[in-house]
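Below: one structure, written as structure tokens.
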Amino acid sequence: MTTNLWINNIMKDIPSFIGVYALDNIKQPECYPSYTIINFSPLGSPGTHFITVLFISKLVCIYFDPLNLIFIPQEIKQYMTQNSNYIYIIDYPIQNHLSGYCGFFCILVILFAVNQIPVYEELSVFPKLSLQNDYRCIDVLVKLLKINYLELKGKL
């Protein structure tokens, strides 16, 4: 449903968003907080699955996989441990296994963080693994993107 380029274009003006990266080409955070989306596929390969990493501070990192897969690639584990002391994994699956919306769910979590909305509390409103969450996600994303881009427009 989404691509690295599409997400980067939508999120380019979001504060502290450092981009979408392939598993073998992850950018290191230069400051904190920093938020990134990582594609499980290597650079140049078709995308398979997106996850979000939120570097809240030098001490704290949050890992979010909308499917809550038990597998975390070694490259991502290493990336998180190099850039934070404590890693918290959100173990709440909001994406249905038939959904292709992982990129949208990852954007949603970043916009929660950017807008200082409690991430876990907001995610827990979504029924676990429901296909209806795709529609709910888009509704919330539209509202949050409007808020962020209206604020940005006012600052120009």
Side-chain angles (χ1 to χ4, degrees), residues 1-126 128-129 133-134 137-138 140-141 144-145 147-149 152:
M1 297 252 23
T2 57
T3 65
N4 296 16
L5 293 173
W6 185 86
I7 294 172
N8 277 327
N9 189 48
I10 293 296
M11 299 289 286
K12 67 181 177 226
D13 295 320
I14 299 300
S16 301
F17 180 68
I18 60 175
V20 181
Y21 296 96
L23 186 63
D24 59 347
N25 190 39
I26 307 172
K27 180 180 178 182
Q28 300 299 318
E30 295 174 5
C31 61
Y32 296 88
S34 288
Y35 314 117
T36 190
I37 297 173
I38 302 171
N39 191 327
F40 271 16
S41 298
L43 192 62
S45 299
T48 52
H49 183 56
F50 292 107
I51 60 90
T52 301
V53 177
L54 307 169
F55 290 106
I56 305 302
S57 68
K58 179 66 177 158
L59 293 175
V60 178
C61 167
I62 298 172
Y63 175 86
F64 173 69
D65 176 350
L67 287 171
N68 195 35
L69 300 174
I70 59 171
F71 171 74
I72 300 174
Q74 188 60 38
E75 295 90 340
I76 295 173
K77 287 180 185 178
Q78 183 178 353
Y79 172 66
M80 292 187 299
T81 56
Q82 285 175 345
N83 293 290
S84 63
N85 293 340
Y86 303 103
I87 299 166
Y88 295 96
I89 297 173
I90 296 176
D91 61 352
Y92 191 82
I94 63 172
Q95 181 183 358
N96 184 281
H97 293 281
L98 299 176
S99 168
Y101 277 45
C102 54
F104 294 112
F105 289 114
C106 289
I107 293 169
L108 182 67
V109 168
I110 290 172
L111 291 177
F112 285 156
V114 167
N115 289 288
Q116 299 179 347
I117 298 169
V119 174
Y120 193 81
E121 286 178 34
E122 289 300 315
L123 290 176
S124 66
V125 173
F126 288 78
K128 286 184 178 180
L129 302 170
N133 289 342
D134 289 1
C137 176
I138 297 302
V140 175
L141 273 177
L144 290 172
L145 285 168
I147 290 169
N148 281 278
Y149 280 99
L152 287 170

- Backbone N/O of Phe126 and side chain of Asn133: donor-acceptor pair under 3.5 Å: no
- Message: Between Ser84 and Thr81 (side chain of the first, backbone of the second, donor and acceptor by atom type, cut-off under 3.5 Å), is there such a pair?
- Response: no
Side chains of [X] and [Y], heavy atoms from C-beta outward: is any pair under 4.5 Å?
X	Y	result
Asn96	Asp134	no
Tyr35	Phe55	no
Phe112	Leu108	yes

So which heavy atom on [X] is nearest to which on [Y], and how close?
X	Y	value
Val119	Ala113	CG2-N, 4.2 Å
Gln95	Tyr101	NE2-N, 3.6 Å
Asn148	Leu144	ND2-O, 2.8 Å
Pro93	Asn68	CB-CB, 3.7 Å
Tyr63	Phe71	OH-O, 4.3 Å

Exercise answer: donor-acceptor pairs, residues 14-26 side-chain atoms, under 3.5 Å, sequence neighbours excluded:
| from | atom 1 | to | atom 2 | distance (Å) |
| --- | --- | --- | --- | --- |
| Ser16 | OG | Pro33 | O | 3.2 |
| Tyr21 | OH | Ile18 | O | 2.6 |
| Asp24 | OD1 | Leu43 | N | 2.7 |

- Message: Please determine whether side-chain hydrogen bond (donor to acceptor under 3.5 Å, both in side chains) holds for the pair Asn4 and Asn39, giving the CA-CA distance in whole Å, both sets of side-chain angles, and the decisive distance to 0.1 Å.
- Response: CA-CA 8 Å; Asn4 296 16; Asn39 191 327; 3.2 Å; yes
- Excluding sequence neighbours, so at least two apart, what forms salt bridge (charged side-chain N to carboxylate O under 4.0 Å, His left out) with Lys27? Glu30
Taking atom [atom1] of [X] and atom [atom2] of [Y], what is their separation to the nearest 0.5 Å?
X	Y	atom1	atom2	value
Cys137	Phe104	SG	CZ	7.5 Å
Ile87	Ile76	CD1	CD1	11.0 Å
Thr2	Asn8	OG1	CG	11.0 Å
Asn115	Ile110	CG	CD1	12.0 Å
Ile62	Thr52	CD1	OG1	10.5 Å
Cys106	Leu111	SG	CG	11.5 Å

- Residues in side-chain hydrogen bond (donor to acceptor under 3.5 Å, both in side chains) contact with Asn9, at least two apart in sequence or another chain: Lys12
- Show your reasoning for whether side-chain contact (heavy atoms from CB on, under 4.5 Å) applies to His97 and Leu129. CA-CA 7 Å; His97 293 281; Leu129 302 170; 4.0 Å; yes
- Task: Kindly determine whether Asp91 and Phe64 satisfy side-chain contact (heavy atoms from CB on, under 4.5 Å), including the steps that lead there.
- Result: CA-CA 8 Å; Asp91 61 352; Phe64 173 69; over 6 Å; no
- Would Tyr120 and Ile90 satisfy side-chain contact (heavy atoms from CB on, under 4.5 Å), going step by step from the backbone distance to the final call? CA-CA 7 Å; Tyr120 193 81; Ile90 296 176; 3.8 Å; yes
- Query: Can you name the residues that form a side chain to side chain contact (heavy atoms under 4.5 Å, CB included) with Gln28, not counting sequence neighbours?
  - Reply: Tyr79, Gln82, Asn83
- Note on the structure: Residues at least two apart in sequence or cross-chain that pass ring pair (Phe, Tyr, Trp, His ring centres under 6.0 Å) with Phe40, listed by chain then number, are His49
- Checking side-chain contact (heavy atoms from CB on, under 4.5 Å) for the pair Lys58/Asn85: CA distance, chi angles, key distance, verdict? CA-CA 7 Å; Lys58 179 66 177 158; Asn85 293 340; 5.6 Å; no
- Query: Quick check: are there more than 12 heavy atoms from other residues, nucleotides or ligands sitting under 6.0 Å from CG of Leu59?
  - Reply: yes
- Query: What pairs meet the salt bridge (charged side-chain N to carboxylate O under 4.0 Å, His left out) rule with one or both residues in residues 94-122, with sequence neighbours excluded?
  - Reply: none
